[in-house]
Amino acid sequence: MKSVRISAKIALLLALIAIASIFFLYKVMNGKITRILEDRSAEDMSVIARDRAELIETYIEGCCDFLDGYSKAAEIVNVLENPSEQNIKRAREYTNKCAEGKKFMEGLYVARWNTYVFAHINPDSIDKTFRDAKGAGNLEAQIRQRKKSFCSGIVMAPVTKKW
């Protein structure tokens, strides 16, 4: 009987030690795994944010390159230097051709400093002036200061009122 009690005590003690060890091991491993997962998640979010920023930057650079190419085309330069009927017609055709298949594009156009529009992908915007003299002067100053074409950002189109 005495040996059964000692055996039971030893078994109980070993069980308690095993339970305590398993609990300690669980806590340590749970903490480490949680830390690893948190670090990995933060790293993944950083990579995703960096990739998105790169995509946006590439998109903007592509848009600016597209606009730069558009602004240097002979049809556009000719209509600005000599806005004859024939040059205006060519500029309108070229503008429409450049915008073909680009559903996201609403405001590809060529205009005077006072924003009198020679060619625009929206026919409702053609032959209209959208800025007053002061606004046109500010725009001209901004463009001349940069000495190259630039994206002015996302704006509301005056005719369709879309962003």
Side-chain angles (χ1 to χ4, degrees), residues 24-163:
F24 176 75
L25 187 61
Y26 167 78
K27 282 298 204 181
V28 169
M29 292 306 293
N30 185 40
K32 284 188 177 187
I33 290 173
T34 300
R35 213 169 310 116
I36 290 170
L37 290 175
E38 287 172 349
D39 291 347
R40 178 72 48 94
S41 294
E43 185 181 323
D44 289 348
M45 287 189 293
S46 257
V47 168
I48 289 169
R50 204 171 29 253
D51 288 349
R52 284 186 177 176
E54 233 175 83
L55 281 172
I56 291 168
E57 191 172 311
T58 301
Y59 173 78
I60 290 170
E61 285 174 3
C63 288
C64 288
D65 289 345
F66 175 81
L67 291 174
D68 193 43
Y70 170 79
S71 70
K72 291 178 180 175
E75 294 86 349
I76 303 307
V77 172
N78 289 341
V79 78
L80 291 170
E81 290 175 349
N82 178 19
S84 67
E85 294 277 332
Q86 187 177 8
N87 285 343
I88 290 172
K89 182 180 178 199
R90 285 185 185 147
R92 288 177 184 173
E93 289 170 356
Y94 179 74
T95 298
N96 288 330
K97 192 180 290 185
C98 281
E100 268 179 17
K102 294 178 177 67
K103 303 270 186 218
F104 64 89
M105 190 174 299
E106 187 175 337
L108 185 61
Y109 66 93
V110 60
R112 288 186 178 139
W113 287 116
N114 69 353
T115 66
Y116 174 80
V117 179
F118 292 116
H120 198 294
I121 59 175
N122 182 343
D124 295 335
S125 296
I126 294 173
D127 295 328
K128 292 183 180 174
T129 302
F130 292 102
R131 279 194 176 82
D132 59 16
K134 183 179 178 186
N138 290 341
L139 175 65
E140 181 178 358
Q142 282 180 345
I143 292 173
R144 288 192 187 277
Q145 181 182 8
R146 293 177 188 193
K147 298 181 182 170
K148 64 179 184 175
S149 60
F150 69 99
C151 292
S152 59
I154 299 170
V155 296
M156 184 173 62
V159 174
T160 62
K161 304 295 185 216
K162 289 184 183 176
W163 290 98

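Every value quoted in this text rests on a predicted model; they were computed, and no experiment measured them.
Under the side chain to side chain contact (heavy atoms under 4.5 Å, CB included) criterion, Arg40 pairs with Asp44, not counting sequence neighbours. Listed by chain and number, the residues in a side-chain hydrogen bond (donor to acceptor under 3.5 Å, both in side chains) with Lys72 are Asp68 (sequence neighbours excluded). Take Thr34 and apply the side chain to side chain contact (heavy atoms under 4.5 Å, CB included) test, not counting sequence neighbours, and it matches Asn30, Glu38. The side chain to side chain contact (heavy atoms under 4.5 Å, CB included) test applied to Arg35 returns Lys32, Asp39, not counting sequence neighbours. Applying the side-chain hydrogen bond (donor to acceptor under 3.5 Å, both in side chains) test to Arg92 and every residue at least two apart in sequence or in another chain returns Asp127. Listed by chain and residue number, Asn78 satisfy the side chain to side chain contact (heavy atoms under 4.5 Å, CB included) test with Ala74 (two or more places apart in sequence, or in another chain). Under the rule for a ring pair (Phe, Tyr, Trp, His ring centres under 6.0 Å), Phe66 has no partner lying at least two apart in sequence or in another chain. The side-chain hydrogen bond (donor to acceptor under 3.5 Å, both in side chains) search around Tyr70 returns Thr95, not counting sequence neighbours.
Remark: Ser125 OG to Phe118 CZ distance equals 14.5 Å, nearest 0.5 Å. Considering CG of Leu55 and CD1 of Ile48, their distance stands at 11.5 Å, rounded to 0.5 Å. Atom CZ of Arg131 sits about 11.0 Å away from atom OG1 of Thr129, to the nearest 0.5 Å. Note that the CZ atom of Arg50 and the CZ atom of Arg52 stand 13.5 Å from one another [nearest 0.5 Å].
The closest side-chain heavy-atom distance from Asn96 to Leu108 is not below 4.5 Å.
Between Leu80 and Ala111, the shortest heavy-atom distance links the atoms CD2-O, 3.6 Å. The minimum heavy-atom distance between Gly69 and Tyr94, with the atom names listed, is O-OH, 4.3 Å. Heavy-atom minimum distance, Ile88 versus Pro83: CD1-O, 3.5 Å. Between Val77 and Ser71 the shortest heavy-atom distance is CG2-O, 3.8 Å. Residues Asn87 and Asn82 come closest through the heavy atom pair ND2-O, 2.8 Å. When all heavy atoms of Val117 and Tyr109 are compared, the closest pair comes out as CG1-CB, 4.4 Å.
Residue pairs satisfying the salt bridge (Lys or Arg N to Asp or Glu O under 4.0 Å) criterion with at least one member in residues 54-63, sequence neighbours excluded, are absent.
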